[in-house]
Amino acid sequence: DVSPAVVTVTGAAGSIGYASLFRIAAGAMLGHDRPVRLRLLELPAAVTAAEGTAMELEDGAFPLLESIDIFDDARTAFDGAQFGLLIGARPRTKGMERAELLAANSAIFAEQGRIINDVAAQDIRVIVVGNPANTNAAVAAANAPDVPGERFTALTRLDHNRAIAQLARRTGTPVGRISRVTIWGNHSASQYPDIFHARVGDTPGAEIAADERWLVEDFIPTVATRGTAIIEARGASSAASAANATIDHVHDWVLGTAGDDWTSVAMPSTGAYGIREGLVSSVPARAAGGRWEIVEGLDINDFSRARIDASVAELEGELDAVAKLSRA
Ligand code: NDP
């Protein structure tokens, strides 16, 4: 498909937005032959900053970039959108309770879900990056009854890429020779990076996982808390790597995953692997023909089961809290 793609990016003036837009304009997300029309949504207070980013995008003279429009109104921003990169979210501020954060974000994502339902293109594909990403995606999907649920996804590709990088570092294997890693559950510290089905060069991941001490005390916590380590080192949260993962996610969704490899995608559960329907949990997935398909039938050992269950329980807690708030 080389028709121009309409891409709406929320939180476009933020750090992840800034790091994403130039690569989208350069063709890294949808292919180097597909023109893009960018639609940037920002809060009124950040519209001027978004205008500055748009000026820089213009100055990139990207041959694939057909247009850039800036909005502070979601209904106009999502009109005809084929891709929704939902990056903007209410950050947790000092003294804010977790319930307040959930309430603020569920209101934003319920509204965006309704709007996407009403005005986006028939083939809209959504990726939620703004935290709590999985639950925000579940809320948006629940408010868009006319859009197939599988079109609402959340980002766990960054966790996936982090897991590959840690495996590469541990084993001295080039990242390109590592496949079939899985992130299960929530994009939070409870996530479970699973290497039991991975291939690390010619070595089965299960063989590497047999070093249980390294797995439990080093690999899993390093991947799960990498975001915090980056904040401590950089003095700011990860932005370019989050943007890179967002682009990888959409790229694979549209253009397909490579060979027999899979990636990790948080998408509404169909009940596979015993995950409650409606939760947006990360699972192993392949894309073909523009659709994600869960990789089913993997053997889940007791070690993995307990960790998947714990992260899914956290997702249940978040979604139940949101449901309670909306009844209150
Ligand atoms: P960033 O661009 O750094 O982050 C945006 C969101 O992505 C945050 O919710 C952040 O979560 C989340 N995120 C998910 N994964 C990661 C990751 N691995 N590393 C870092 N962040 C991750 O935030 P900024 O504050 O720079 O920009 C946000 C923009 O969104 C602002 O310009 C603001 O005006 C806009 N905004 C738009 C809204 C809307 O469109 N309705 C609502 C609120 C804000 P976390 O907070 O946990 O780091």
Side-chain angles (χ1 to χ4, degrees), residues 8-23 39-54 70-78 81 84-94 96 98 100-116 126-137 139-140 143 153-163 165 183 186-191 193 223-249 264-266 280 282 318:
T8 299
V9 179
T10 78
S15 307
I16 299 175
Y18 186 79
S20 303
L21 291 167
F22 292 84
R23 295 193 54 211
R39 301 170 72 86
L40 315 184
L41 175 65
E42 256 304 347
L43 299 176
V47 160
T48 310
E51 282 167 359
T53 303
I70 300 167
F71 306 90
D72 63 6
D73 170 60
R75 200 162 277 275
T76 347
F78 282 109
L85 277 50
L86 277 45
I87 301 173
R90 180 76 175 272
R92 191 201 289 252
T93 41
K94 221 173 159 212
M96 195 181 200
R98 189 179 166 73
E100 283 176 74
L101 184 74
L102 275 173
N105 279 303
S106 65
I108 293 170
F109 286 84
E111 196 207 1
Q112 291 187 353
R114 282 192 292 273
I115 289 171
I116 286 169
V126 175
I127 171 162
V128 177
V129 177
N131 275 319
N134 300 54
T135 296
N136 290 341
V139 168
N143 283 278
T153 63
L155 182 73
T156 50
R157 182 62 172 265
L158 179 55
D159 307 301
H160 180 93
N161 288 347
R162 285 168 171 167
I183 304 293
N186 201 358
H187 168 67
S188 76
S190 78
Q191 66 177 264
V223 173
T225 63
R226 183 77 166 173
T228 311
I230 286 170
I231 292 176
E232 279 165 16
R234 263 187 101 223
S237 59
S238 36
S241 55
N244 179 62
T246 305
I247 283 166
D248 282 349
H249 175 116
S264 303
V265 176
V280 172
S282 187
E318 286 182 11

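Only heavy atoms go into these numbers, but all of them, side chains included; no hydrogens, no water, no symmetry mates. Start at 1 and go down the list; that is how both ligands and their atoms are numbered. Keep in mind the model is a prediction, meaning the values are calculated, not measured.
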Item to check | Pair I87-V9, side chain to side chain contact (heavy atoms under 4.5 Å, CB included): steps then yes or no | outcome: CA-CA 7 Å; I87 301 173; V9 179; 3.9 Å; yes
Checklist entry - In terms of residue, atom name and distance, what is the protein heavy atom nearest to atom 28 (C) of ligand 1? => result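 Among all protein heavy atoms, the one nearest atom 28 (C) of ligand 1 is G14 CA, 4.1 Å.
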Checklist entry - Which option, Q112, E111, R157, owns the non-hydrogen atom nearest atom 40 (O) of ligand 1? => result Q112
Checklist entry - Can you find a pair of side-chain heavy atoms, one from I127 and one from R157, that are under 4.5 Å apart? => result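 No; the side chains remain at least 4.5 Å from each other.
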Item to check | Numbered atoms of ligand 1 (with element) below 4.0 Å of I87, judged on heavy atoms | outcome: 5 (C), 6 (C), 7 (O)
Item to check | Of the listed options V129, D72, T10, closest to atom 12 (C) of ligand 1 (non-hydrogen atoms) | outcome: V129
Checklist entry - ligand 1 and R90, any nitrogen or oxygen pair closer than 3.5 angstrom? => result no
Checklist entry - What protein heavy atom is closest to atom 18 (N) of ligand 1, reported as residue, atom name and distance in Å? => result L158 CD2, 2.9 Å
Checklist entry - Short check: is a protein heavy atom less than 4.0 Å from atom 25 (O) of ligand 1? => result no
Checklist entry - Purely on distance, is any nitrogen or oxygen of S15 under 3.5 Å from one on ligand 1? => result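 Among all N and O atoms of S15, at least one is under 3.5 Å from an N or O of ligand 1.
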Next on the checklist: Walk me through whether T156 and H160 qualify under side chain to side chain contact (heavy atoms under 4.5 Å, CB included).
Outcome noted: CA-CA 6 Å; T156 50; H160 180 93; 6.0 Å; no
Item to check | Shortest non-hydrogen contact from P91 toward M96 | outcome: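 In this case the closest contact between P91 and M96 is O-SD, 3.9 Å.
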Next on the checklist: If we set the cut-off at 4.0 Å for heavy atoms, which region of A46 has an atom near ligand 1: side chain, backbone, both, or neither?
Outcome noted: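 Within the 4.0 Å criterion, A46 contacts ligand 1 through side-chain atoms alone.
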Checklist entry - Which pair of heavy atoms, one from S238 and one from R162, lies closest together, and at what distance? => result OG-NH2, 3.2 Å
Checklist entry - Contact between R92 and ligand 1, counting heavy atoms under 4.0 Å? => result no
Item to check | Atoms in ligand 1 flagged as close to G88, the criterion being non-hydrogen separation under 4.0 Å | outcome: 30 (O), 36 (N), 37 (C)
Checklist entry - Using heavy atoms and a threshold below 4.0 Å, how should the contact between I16 and ligand 1 be classified: side chain, backbone, both, or neither? => result both
Checklist entry - Got the closest protein heavy atom to atom 32 (O) of ligand 1, with its distance? => result E42 OE2, 2.5 Å
Checklist entry - Can you check whether N143's main-chain N or O pairs, donor with acceptor, with R114's side chain at less than 3.5 Å? => result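 Side chain of R114 to backbone of N143: no pair is present.
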Next on the checklist: Evaluate I108 against T10 for side chain to side chain contact (heavy atoms under 4.5 Å, CB included), listing each step before the verdict.
Outcome noted: CA-CA 11 Å; I108 293 170; T10 78; over 6 Å; no
Item to check | Stepwise side chain to side chain contact (heavy atoms under 4.5 Å, CB included) check, Q191 with S264 | outcome: CA-CA 12 Å; Q191 66 177 264; S264 303; over 6 Å; no
Checklist entry - Going by atom types alone, do N131 and R92 pair a side-chain donor with an acceptor below 3.5 Å? => result no
Checklist entry - Which protein heavy atom lies closest to atom 19 (N) of ligand 1, and at what distance to 0.1 Å? => result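 For atom 19 (N) of ligand 1, the nearest protein heavy atom comes out as S238 OG, 2.9 Å.
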Item to check | Under 4.0 Å to a heavy atom of G11 - the qualifying atoms of ligand 1, by number | outcome: 29 (C), 30 (O), 35 (C)
Item to check | Heavy-atom proximity to atom 48 (O) of ligand 1, best of L43, L40, N131 | outcome: N131
Checklist entry - Just one of N136, L102, N105 clears the side chain to side chain contact (heavy atoms under 4.5 Å, CB included) bar with R90, so which one? => result N105
